[in-house]
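In what follows, every chain begins at residue 1, and chains take the letters A, B, ... in the order their sequences are listed. Nothing here was measured: the structure is a model prediction, and the numbers come from that model.
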2 protein chains.
Amino acid sequence: MGTVSKALELLDLFTQRQPQLGLSQIAREAGLNKATCHRLLQEMEGAGFVEQTGPAREYRLGPAVLRLAALREAAVPTQAAAMPALRSLAEVTGETAHLSRLVAGRLQTIGFAYGTQHSMMVRMEDADFLPFHATASGMVVLAFQPDSLAAQLLGAALPQLTQSTATDPAAFLSRLPAIRARGHAETESTFEPEVHGLALPLFDANSACLGSIAVATPAARMGPDQRQKTLAALVKAAAEITRAWGGQLPPGLETLWRDVA
Amino acid sequence: MGTVSKALELLDLFTQRQPQLGLSQIAREAGLNKATCHRLLQEMEGAGFVEQTGPAREYRLGPAVLRLAALREAAVPTQAAAMPALRSLAEVTGETAHLSRLVAGRLQTIGFAYGTQHSMMVRMEDADFLPFHATASGMVVLAFQPDSLAAQLLGAALPQLTQSTATDPAAFLSRLPAIRARGHAETESTFEPEVHGLALPLFDANSACLGSIAVATPAARMGPDQRQKTLAALVKAAAEITRAWGGQLPPGLETLWRDVA
DNA sequence: AACAACGGTTCAAATAATGAACCGGACATA
DNA sequence: TATGTCCGGTTCATTATTTGAACCGTTGTT
């Protein structure tokens, strides 16, 4: 792996929960030598991608990334184009809707919206990575990848997040064709107890699946009626976002979804 | 210069006007070998920082930057914290307000807002770099840097953008003390003909100037009354943003601004 | 006083980056 | 159709950079 990849991987260590990291911690988590990390961080600091804060000299993401994101959104308005459909989805279902897409082999949260009816909601965090094996989003995205790619993205070690989490990669992969045939993925309590997930795939212009749209519901509120309503709203939102992104549904899926709605 | 810096510099080539670039063009503009560029871009593509589009195989910024920007804003809500004051500034003055900050030795546009009264406005673009020598924002930021840093940031070659643009670095630098004493910078037709600029500095917790807030007005609309109104609104907005950012005005400036308003 | 963890630095050894030349294809010109 | 040019991409011997164990000074704890 080249130096540049190593440097960019360091940026992945920053999360909502750990927005600031010390040098030693970065080196530890990245599995790199402290001196190497220091040099890489120096270079990235010079470009404004990270900055050092306060007396503890911790590192955090720098202001240069704001410019890049603004340019990206201006060139390819992925998030902005999807938000109306996402908000409408949250409103109609009354639940938490979220959007994720495949970025460099991981599933990245792009946006989310809350419904307004209920006081108890499934909480989402922006800019997170979702585990493929424990979320409806991850499952549906994997289900619509070529088999070998799906196995590769899934990886070998599946952390057990709840009692219901799948932990055997082979068993997990064997369930993907059924998801593909159904056109959506459904989970309950695989990511967090009492959280129900329902996800549909999103496609690019070549009918390749590059993300998903999903609704997360407290399990107690998910019955047959709510499930039907959620599915119908998801189909509508998925079609709208795919259109907004200039995507193309793979053959068969359109009719499959039409029956649901 | 290290490999990482070279790679990150490639990202600077992408702008609003050139959101997509071919390999040869990137190599040319960056002054690097084509093979080197190709390898750097490959690595960045693997991390989702750039992606290749269509049959021409041009490169553009990738979706990974969105996550970083979201995290940055969550950790340090620079833009979000400043937008209310910026919008209010645009509304009160009726003109185009914009906010910029120093990032890796350049002045980067962070946000802007338009007034609503007029149909003719000075147009702004987000995520641009502003020239130090031809904008009120650039001048006021330089004026509040240590002398040696100001000279370094300014550089040696000052492109002549209009008839009124300053082109001699030494002469330009000699005017900075007066700007610092006045507490604001003013330009007319130095960046683009018939555009008047008025800018105030913004400060961090150590009273170091890290950016500016400015109002751009069509020269035809800028008279004594409008100028006074704009200055007063700028003082208010600058104080508000400095406070929101946890900044500290340098001694003397507060009283200086109080007289203006 | 002893210890551990921190951020940061050093320098010989190991490794990765570099770039001139090259390839095949697309396009324009003649 | 022949010729030339520019494109994205690749190759590989040469070169220069990256690497990491050991180190430094500081800080906070026991």
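Between A:His38 atom NE2 and D:dC24 atom C1' there is a gap of 13 Å when expressed in whole angstrom units. Computed from coordinates, the A:Arg28 CZ to D:dG20 P distance equals 17 Å when rounded to whole Å. Rounded to whole angstrom, the span from the CD atom of A:Glu43 across to the P atom of D:dT17 amounts to 11 Å. Here C:dC6 presents its P atom at 12 Å from CG of A:Leu21, a figure rounded to the nearest Å. Atom CG of A:Leu23 is separated from atom P of D:dG20 by 14 Å (rounded to the nearest Å). Spacing between atom CD of B:Glu45 and atom P of D:dG8 amounts to 14 Å, rounded to whole angstrom units. Between A:Leu40 atom CG and C:dG7 atom C1' the separation is 16 Å, expressed in whole Å. Across the protein-nucleic acid pair, A:Leu41 atom CG and C:dC6 atom P stand 15 Å apart, rounded to whole Å.
The side chain of B:Thr36 sits closest to C:dG19 out of D:dT19, C:dG19, D:dG9. Minimum atom distance to the side chain of A:Asn33 is reached by D:dG20, of the listed C:dT18, D:dG9, D:dG20. You'll find that the side chain of B:Ala35 is closest to C:dA20, out of C:dC22, C:dG7, C:dA20. Nearest to the side-chain atoms of B:Ser24 among the listed nucleotides C:dG7, D:dG9, D:dG8 stands D:dG8. Taking only side-chain atoms of B:Arg39, from C-beta outward, the nucleotide of D:dG9, C:dA17, D:dT19 with the closest atom is C:dA17.
At the phosphate of D:dG9, OP1 or OP2 sits under 4.0 Å from a side-chain N or O atom of B:Tyr59. At D:dC7, none of the side-chain N or O atoms of B:Arg57 fall inside 4.0 Å of OP1 or OP2 (strictly under the cut-off). At the phosphate of C:dC6, neither OP1 nor OP2 sits under 4.0 Å from any side-chain N or O atom of A:Gln52.
Under a 4.0 Å N-O distance rule, the pair A:Glu192/A:Arg123 does not qualify as a salt bridge.
Summary of the strand contacts: A:Val4 and A:Glu58 both lie near DNA chain C, and taking for each the nucleotide with the nearest heavy atom, the more 5' one is attributed to A:Glu58. Judged by closest nucleotide on DNA chain D, A:Thr3 is the one of A:Thr3 and A:Lys34 placed further toward the 5' end.
You'll find the ring centres of B:Phe14 and B:Tyr59 outside the 6.0 Å limit. Residues B:Phe203 and B:Phe144 place their aromatic rings such that the two centres sit under 6.0 Å apart.
At distances below 3.5 Å, not a single donor-acceptor pair connects side-chain atoms of A:Gln18 with backbone N or O atoms of A:Gln20. B:Arg180 places a side-chain N or O within 3.5 Å of a backbone atom of B:Ala143 that can act as its donor or acceptor partner.
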